[in-house]
Amino acid sequence: MPIRVHDTLSRSIKPLLPKQPGAEYGMYCCGPTVYGPAHIGNFRTFLVQDVLRRALQLDGLAVKHVRNITDVDDKTIRQSQAEKISLKDFTAKWTKKFHADCDALNMLAPHVEPSAVEHIPHQIAMIEKLVAGGHAYKTGDGSVYFKVCSCHDYGKLAHLDRDSLRTQDTNSAGSVNDADEYERESVSDFALWKARKPADGENFWPSPWGEGRPGWHIECSAMSTHYLGETFDLHGGGIDLCFPHHENEIAQSECATGKKDFAAHWFHSAHLMVDGAKMSKSLGNLYTLDDLVAKGATPPAVRYALIAGHYRSQLNFTLKSVEDAAGAIAKIEKAATKLLEKCGLSPADFAPPVVLEKNTAWGAFLPAWETLCDDLNVPGALGKIFTALHAANDPALTVEQARADLSGLGKILYALGIRLFTAKKDAAGADEIPTEVAALGAKRWAAKQAKDFAGADAMRGELEKLGWKSLDRKDGYALVKL
RNA sequence: GGUGCGGUAGCCAAGUGGUAAGGCCCGGCUCUGCAAAAGCUGUAUUCGUCGGUUCGAUUCCGACCCGCACCUCCA
């Protein structure tokens with residue numbers, strides 16, 4: 001059963017299938033502009049794409065995931081100059097940080113991660129095609145603009161009316177769109193190539209139109225078609241990219257190639273809100289992963305919190321949602337541990353996707369998988385996971401059923417990118433029990449066995465002062481850090 | 001003004017033309033010397049408001065109220 005998700009172009013839910021059975025499934029996602037640490041809003045989008053990719057792979061598709069790095073624009077240039085380092089060193093630094101955060105959030109690396117700067121020749125080649133085809137023109141300063149009126153179905157993605165576009169003279173920020181200032185023929189025309197300006201410093205490249213740098217939109221068109229072909233399967237990004245970025249990508253790509261189906265499917269995810277408000281620097285609610293970790297959050301819990309809402313709905317992110325997520329993960333771990341015990345396995349054996357027998361079984365987790373396949377309904381799937389987990393706790397469950405359930409759980413958690421038992425591994429070193437604590441624990445246990453409850457309780461108080469507590473069972477106890 | 005989305009329990013969040021998944025929190029029970037942990041279990045006569053269609057609507061239609069996003073380089 002193919003995975004079905006919403007397509008922005010047709011405004012409908014469509015199955016995700018390669019053009020021919022067995023063919024590679026090409027998905028292109030607009031990546032980050034590396035001028036600082038990415039914030040959790042960026043990661044929500046990348047995380048949703050990561051879940052989609054994992055699900056597609058689990059469904060048997062040969063996915064080729066391409067996600068670019070935008071490493072030249074006003075912000076990267078301005079910041080690198082401010083720090084007095086080269087653009088290359090500057091963007092390398094933040095690309096590295098981005099990768100580290102992605103790893104922490106358990107995101108699969110894209111198969112190809114092209115840099116915009118390294119693909120300037122491809123961009124120039126595409127611009128040349130557009131100029132030759134009458135879709136672009138050079139202005140007096142050596143810039144090149146895309147001629148929007150040469151593209152008859154411009155606006156088809158965002159469903160915008162071209163006439164209103166051309167007459168619009170202010171943007172949402174209230175600033176005036178002055179066509180004359182840029183020598184543009186129309187305010188809706190956009191830059192393909194930006195002529196070199198003094199403020200660019202050393203950051204310019206040669207082109208048939210003179211020195212300069214590429215416009216933002218052309219980067220993605222050139223890189224996506226270079227790695228995935230002139231028409232490919234799916235293009236994704238945050239909903240804000242729908243217009244103008246994706247609209248412009250469609251226009252320039254289809255005008256350059258002459259083909260009308262640049263991307264077969266447009267996959268957009270809704271924005272993240274923080275504490276009920278739009279994220280913004282001025283509100284001080286623009287969290288990075290490091291910010292959250294500093295507040296005590298763990299990356300797995302952040303991942304869970306960020307994917308726990310449906311991708312087409314705005315998600316209101318709060319610190320409490322991360323705490324709730326940590327509790328939910330712990331609950332899954334407990335139930336998984338029981339299943340593992342039933343099968344005679346240990347948490348160390350659980351590495352999604354769990355390979356048991358042929359690993360084809362879904363067990364009680366089939367409903368969760370089916371829900372995920374239905375427009376990537378992560379919150380619905382999570383609900384079905386917990387329902388299945390309750391059922392799996394039934395003492396009457398056979399080992400055979402437990403193994404099937406474990407296989408299904410491993411697969412659905414793989415799709416969601418939720419790793420279990422990571423905290424224990426990390427804490428193994430940190431939780432080393434100091435000898436005095438161990439001695440005190442043993443003494444308390446002995447007192448308790450001797451029914452000296454007052455003494456035992458007193459020693460429990462001492463343990464707590466040392467930051468430890470004793471979890472007693474019938475046959476023994478375990479010391480854990482508070 | 002244009003385009004689009006949403007209002008479901010204390011919080012978060014699915015879903016369906018036939019009388020509301022799940023998570024967090026909270027309550028109860030079991031277990032326990034007491035706790036903790038763990039397991040079980042309980043909590044929306046109700047799904048923004050008002051109409052309409054229907055045997056029946058939270059789910060379809062209309063109106064309204066409220067909130068949100070995008071509208072030229074923000075994921």
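Below, chain A is the first sequence line, B the second, and so on; all start at residue 1.
- Screening H246(A), H6(A), H245(A) for a ring pair (Phe, Tyr, Trp, His ring centres under 6.0 Å) involving W266(A) leaves a single residue, H246(A).
- Using P as the reference atom, C61(B) and C5(B) are 12 Å apart when rounded to the nearest Å.
- Closest-nucleotide positions on RNA chain B for F386(A) and Q314(A) were compared, and the one nearer the 5' end corresponds to F386(A).
- Relative ring orientation between F146(A) and H135(A) is described as parallel, the plane-to-plane angle staying below 30° on a 0-90° scale split at 30° and 60°.
- With distances taken from any side-chain atom of D472(A) to the nucleotides A75(B), C73(B), A35(B), the minimum falls on A35(B).
- Under the 3.5 Å distance criterion, with hydrogens and angles disregarded, no donor-acceptor pair is assigned to the side chains of Y35(A) and D73(A).
- When base pairs are accepted only as Watson-Crick or G-U wobble with both N-N or N-O distances under 3.5 Å, RNA chain B takes part in stems of 3 or more pairs at B:1-7 with B:65-71, B:10-12 with B:22-24, B:26-30 with B:38-42, B:48-52 with B:60-64.
- For K75(A) against C73(B), no side-chain N or O and base N or O form a donor-acceptor pair under 3.5 Å.
- Evaluation of atom-type donor-acceptor distances gives no pair under 3.5 Å for the side chain of R460(A) against the base of A36(B).
- Y477(A) meets the side-chain contact (heavy atoms from CB on, under 4.5 Å) test with A442(A), W445(A), S470(A), D472(A), L479(A); sequence neighbours excluded.
- Distance check on atom C1': C34(B) versus G42(B) gives 25 Å, rounded to whole Å.
- For F262(A) and F232(A), the ring centers sit closer than 6.0 Å to each other.
- Look at K448(A) and you won't find any side-chain N or O under 4.0 angstrom from OP1 or OP2 of C34(B).
- One cannot find a donor-acceptor pair under 3.5 Å joining the base of G15(B) and the side-chain atoms of N377(A).
- Side-chain contact annotation: H99(A) with E113(A), donor-acceptor N/O pair under 3.5 Å present.
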